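Data first, discussion second: the structure below is written as structure tokens.
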Amino acid sequence: MKRFTLSKQERLSSRKEIEILFLEGQSLTKYPVRLVWREAICPTPGEAPLRMMFSVSKKKFPKAVDRNRAKRLMKEGYRLLKPEIISTIAGQKYFHLGLIYTGSELLDFVTIQKSISIALERWMQKLQQETR
RNA sequence: AUCUGUGAUGGAUCUAUCGCUCUCAAUUCAUUGAGGGAGGAAAGUCCGGACAGCGUAGAGUACCGCACCAUCUAACAGAUGGGCUUUGCUUUCAGCAGGGACAGACAGUGUCACAGAAACUAUACCGUCUCGCCGAAGGGUGGGAUAAGGGUGAAAACGUGCGGUAAGAGCGCACGCAUGGUCAGGGUAACCGGUCAUGGGAUAAACCUUGCGGGCUGAAAUGCCAUGUACACUCCAAUCUCGUCAGGCAUUCGUGCAUGAUAAGCCCGGCUGCUCGCCGGCGUGUACCAACAGUUGGAGGGGGUAGGCAGAUAGAGCUAUAGUAGCAAUGCUAUGGCCCAGAUAAAUGAUAGGUGUUCCUGAUUCAUUAGGAAUGACAGAAUCCGGCUUAUACAUCACAGAUGCAC
RNA sequence: GGUCCCGUAGUACAACGGAUAGUAUGAAGGUUUCCGGAACCUUAGAUUGGGGUUCGAUCCCCCACGGGACUA
């Protein structure tokens with residue numbers, strides 16, 4: 001049975017790991033989101049296969065309420081799509097992911113979810129090309 | 001009745017599924033069950049505290065803040081009540097509704113553009129009065145007195161009236177205003193009232209003076225923790241090389257053993273920026289002492305990256321009832337009840353459906369029903385409280401204004 | 001989280017509490033030229049918003065808004 005969880009173990013929370021992610025990671029953009037990823041070379045035992053972080057620019061959303069709203073919508077969209085991604089990478093590799101909201105105005109949940117799913121699909125295609 | 005403005009109050013709710021976070025319980029250690037989970041401003045950071053670190057030997061000065069009085073309060077630049085003053089209205093010896101950074105301008109200094117004679121030691125422009133000279137006269141000219149009138153200005157040397165005078169002038173008197181003194185007066189006090197004296201332009205949100213208050217820094221403060229890696233330092237063992245202060249004791253003359261010092265001055269740091277004064281320094285310095293150092297292994301051990309725990313959520317706590325002090329703000333007492341967010345790249349969300357509310361359309365029995373739409377504003381805890389300020393869809397209430405209708 | 005500073009024409013800067021807020025550049029129009037440039041002439045254009053002190057505020061004080069710097 002698929003589980004749509006997104007607990008603390010599946011989020012990226014260490015300042016160091018985040019810095020490395022943005023320093024060394026690759027990225028692609030599908031409006032209004034931008035996806036950053038990096039393969040974790042030496043994962044600690046018991047770590048989740050995908051670890052995620054979410055970010056919204058303070059410049060584009062000066063009010064804290066709007067930033068919270070955008071993050072929550074992205075989290076919800078990712079949470080519902082996650083099990084498919086895990087089944088396709090099949091537990092062989094470990095990845096750190098970052099989702100950044102680059103749009104300048106708040107959209108509704110359905111469009112955000114769609115663009116996240118497109119971004120993730122493109123990412124999977126890229127990975128398959130690299131492995132070949 | 002509608003609209004607008006101001007103020008106050010509230011700022012929908014229930015169920016299901018999938019999630020997030022905290023607490024408790026259970027255990028197969030990864031899950032299950034139960035319960036809690038944003039605001040009136042959580043915001044701005046404008047004030048005041050609690051709490052913590054540093055300091056604690058203080059004094060003076062500087063700097064900053066406050067400024068009618070009393071009360072409330074943990075405290076405040078907040079609140080309540082009072083005084084004085086000011087604006088508007090009603091139409092008067094007052095009432096109602098607002099506003100007031102509301103100590104001091106005889107302690108001193110500065111500034112007061114333009115206009116005006118003059119902006120504070122009155123250089124008298126037009127005038128008024130008087131004396132001398134000239135002239136027949138109107139008048140002219142020179143000296144003196146005069147701040148009542150004119151004009152200027154934001155402001156003109158206390159105001160108005162009467163007396164007085166050559167003309168005038170607080171020169172005198174009455175009333176009023178301001179300031180200062182005073183009273184066995186009223187009031188806790190500001191202040192009010194009486195009385196005496198003086199008459200002094202404005203400006204302290206110009207410098208300043210007086211009184212009162214303030215040690216500095218803020219939770220990213222501060223205290224603590226265990227593991228791994230590398231390292232300053234200390235001890236022990238092994239190994240290798242180099243070297244052996246002074247006097248004393250012992251001596252197998254190879255050597256072994258114990259002992260030996262830190263003054264003044266200067267510099268730096270701290271106590272509030274400065275001064276005095278004080279404290280500290282494994283700084284310098286002269287002086288003194290004398291044996292180590294490297295490598296390897298073991299033990300101890302300090303600082304510190306990232307991380308974790310405490311600080312940090314039971315309190316100036318919330319709430320109900322009764323009594324009680326006070327005009328009120330606000331306390332006090334008694335008896336119950338409650339535990340009410342604690343995240344840390346930072347939790348409170350998504351979807352679906354109902355109830356309620358508002359709006360639109362239709363129907364009629366005129367306050368009900370059917371269908372559709374919306375459920376919105378300002379806005380997200382970050383150590384915690386008390387205020388202030390600012391933002392706020394919609395609903396309700398109060399007040400004010402405008403328009404329309406009826407009487 | 002804390003501390004501090006600034007806001008003037010489109011832009012960069014001035015202005016002791018006192019004329020109609022000034023200078024440069026840019027903008028618009030004109031003169032000159034066959035056309036353009038340069039030059040010359042002319043014009044428009046601003047004190048972040050609100051309140052207070054003052055006879056009078058860009059300047060002094062308070063509140064708000066916007067922008068920036070420092071600290072860790």
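Order of the sequence lines fixes the chain letters, A, B, ..., with proteins taken first and strands second; residue numbering starts at 1 for each chain. Quick caveat: nothing in here was measured; it's all calculated off a predicted structure.
The glycosidic torsion of B:rA38 lies within 90° of 0, placing the base in the syn range. Glycosidic conformation, B:rG254: syn, with the torsion inside 90° of 0. Regarding the sugar-base torsion, B:rG58 falls in the anti class, its angle being beyond 90° of 0. Annotated as syn: C:rA19, whose glycosidic dihedral is within 90° of 0. Applying the 90° criterion around 0 to the glycosidic angle, B:rC173 comes out anti.
On the P atoms, B:rA237 is 23 Å away from B:rU255, given to the nearest whole Å. Atom C1' of B:rA154 sits at a distance of 10 Å from the matching atom of B:rA202, rounded to the whole Å. Taking the P atom of each, B:rU4 and B:rC385 are spaced 39 Å apart, rounded to whole Å. Nucleotides C:rU43 and C:rG50 place their P atoms 30 Å apart, quoted to the nearest Å. Comparing B:rA57 with B:rU333, their P atoms are spaced 40 Å from each other, to the whole Å. Taking the P atoms as reference points, B:rA38 lies 15 Å from B:rA343, given to the whole Å. Of the C1' atoms belonging to B:rG151 and B:rG181, the separation is 43 Å, rounded to the nearest Å. Remark: the separation of the C1' atoms in B:rA221 and B:rU383 is 10 Å, to the nearest Å.
Contacts of A:S27 classified as side-chain hydrogen bond (donor to acceptor under 3.5 Å, both in side chains), with partners at least two apart in sequence or in another chain: A:R34. Not a single side-chain hydrogen bond (donor to acceptor under 3.5 Å, both in side chains) links A:Q113 to another residue, sequence neighbours left out. When the side chain to side chain contact (heavy atoms under 4.5 Å, CB included) test is applied to A:E121, no partner is found at least two apart in sequence or on another chain. For A:K75, the side chain to side chain contact (heavy atoms under 4.5 Å, CB included) partners two or more places apart in sequence, or in a different chain, are A:L6, A:F54. Residues passing the side chain to side chain contact (heavy atoms under 4.5 Å, CB included) test with A:S117 are A:L81, sequence neighbours excluded.
Taking atom CD on A:Q113 and atom C1' on B:rG349, their separation rounds to 13 Å, with Å as the unit. Note: NZ (A:K114) to C1' (B:rA350) measures 17 Å, nearest angstrom. Rounded to an integer number of Å, the gap from A:R67 CZ to B:rA43 C1' is 13 Å.
Figure legend. B:rG88 is base-paired to B:rC96; pairs are counted as Watson-Crick or G-U wobble with both atom distances under 3.5 Å. Pairing of B:rC63, defined by two Watson-Crick or G-U wobble distances under 3.5 Å, is identified with B:rG214. In this structure, B:rA41 forms no base pair with any nucleotide, since neither Watson-Crick nor G-U wobble geometry is met with both distances under 3.5 Å. The nucleotide B:rG81 finds its pairing partner in B:rC69, both defining distances of the Watson-Crick or G-U wobble pair being shorter than 3.5 Å. Remark: B:rC249 base-pairs with B:rG256. Criterion, Watson-Crick or G-U wobble with two distances under 3.5 Å.
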Please output the side-chain donor-acceptor pairs of residues 64-74 of chain A that fall under 3.5 Å, not counting sequence neighbours, one pair per line with the distance.
unit_1 : atom_1 : unit_2 : atom_2 : d
A:R67  : NE     : A:F61  : O      : 3.0
A:R67  : NH2    : A:P62  : O      : 3.2

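If you check residues 68-78 of chain A against RNA chain B, the residues with a heavy atom closer than 4.0 Å are A:N68, A:R69, A:R72, A:L73, A:K75, A:E76, listed by number.
Going from atom CE of A:M124 over to atom CD of A:Q129 covers 12.0 Å, rounded to the nearest 0.5 Å. Residue A:W123 holds its CH2 atom at 11.0 Å from CD of A:Q26, rounded to the nearest 0.5 Å. Between the CH2 atom of A:W37 and the NZ atom of A:K126 there is a distance of 4.5 Å, given to the nearest 0.5 Å. One distance of note links CG of A:L120 with CD of A:Q125; it measures 11.5 Å at 0.5 Å rounding.
Checking B:rG19, B:rA345, B:rU351 against every side-chain atom of A:F109, the shortest atom distance belongs to B:rU351.
Tracing side-chain contacts under 4.5 Å through hydrophobic residues (I, L, V, M, F, W, Y), one never reaches A:I118 starting from A:F109; they form parts of separate clusters.
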Quiz item: Pairing of RNA chain C as dot-bracket, 5' to 3': ( ) intra-strand, [ ] crossing, | other strand, . unpaired, with Watson-Crick or G-U pairs under 3.5 Å?
Solution: (((((((..((((....[...)))).(((((.......)))))....(((((..]....)))))))))))).
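Nearest-nucleotide positions on RNA chain B place A:M52 closer to the 5' end than the other of A:V65 and A:M52.
Between the side chain of A:R79 and the base of B:rC20, no donor-acceptor pair of N or O atoms lies under 3.5 Å.
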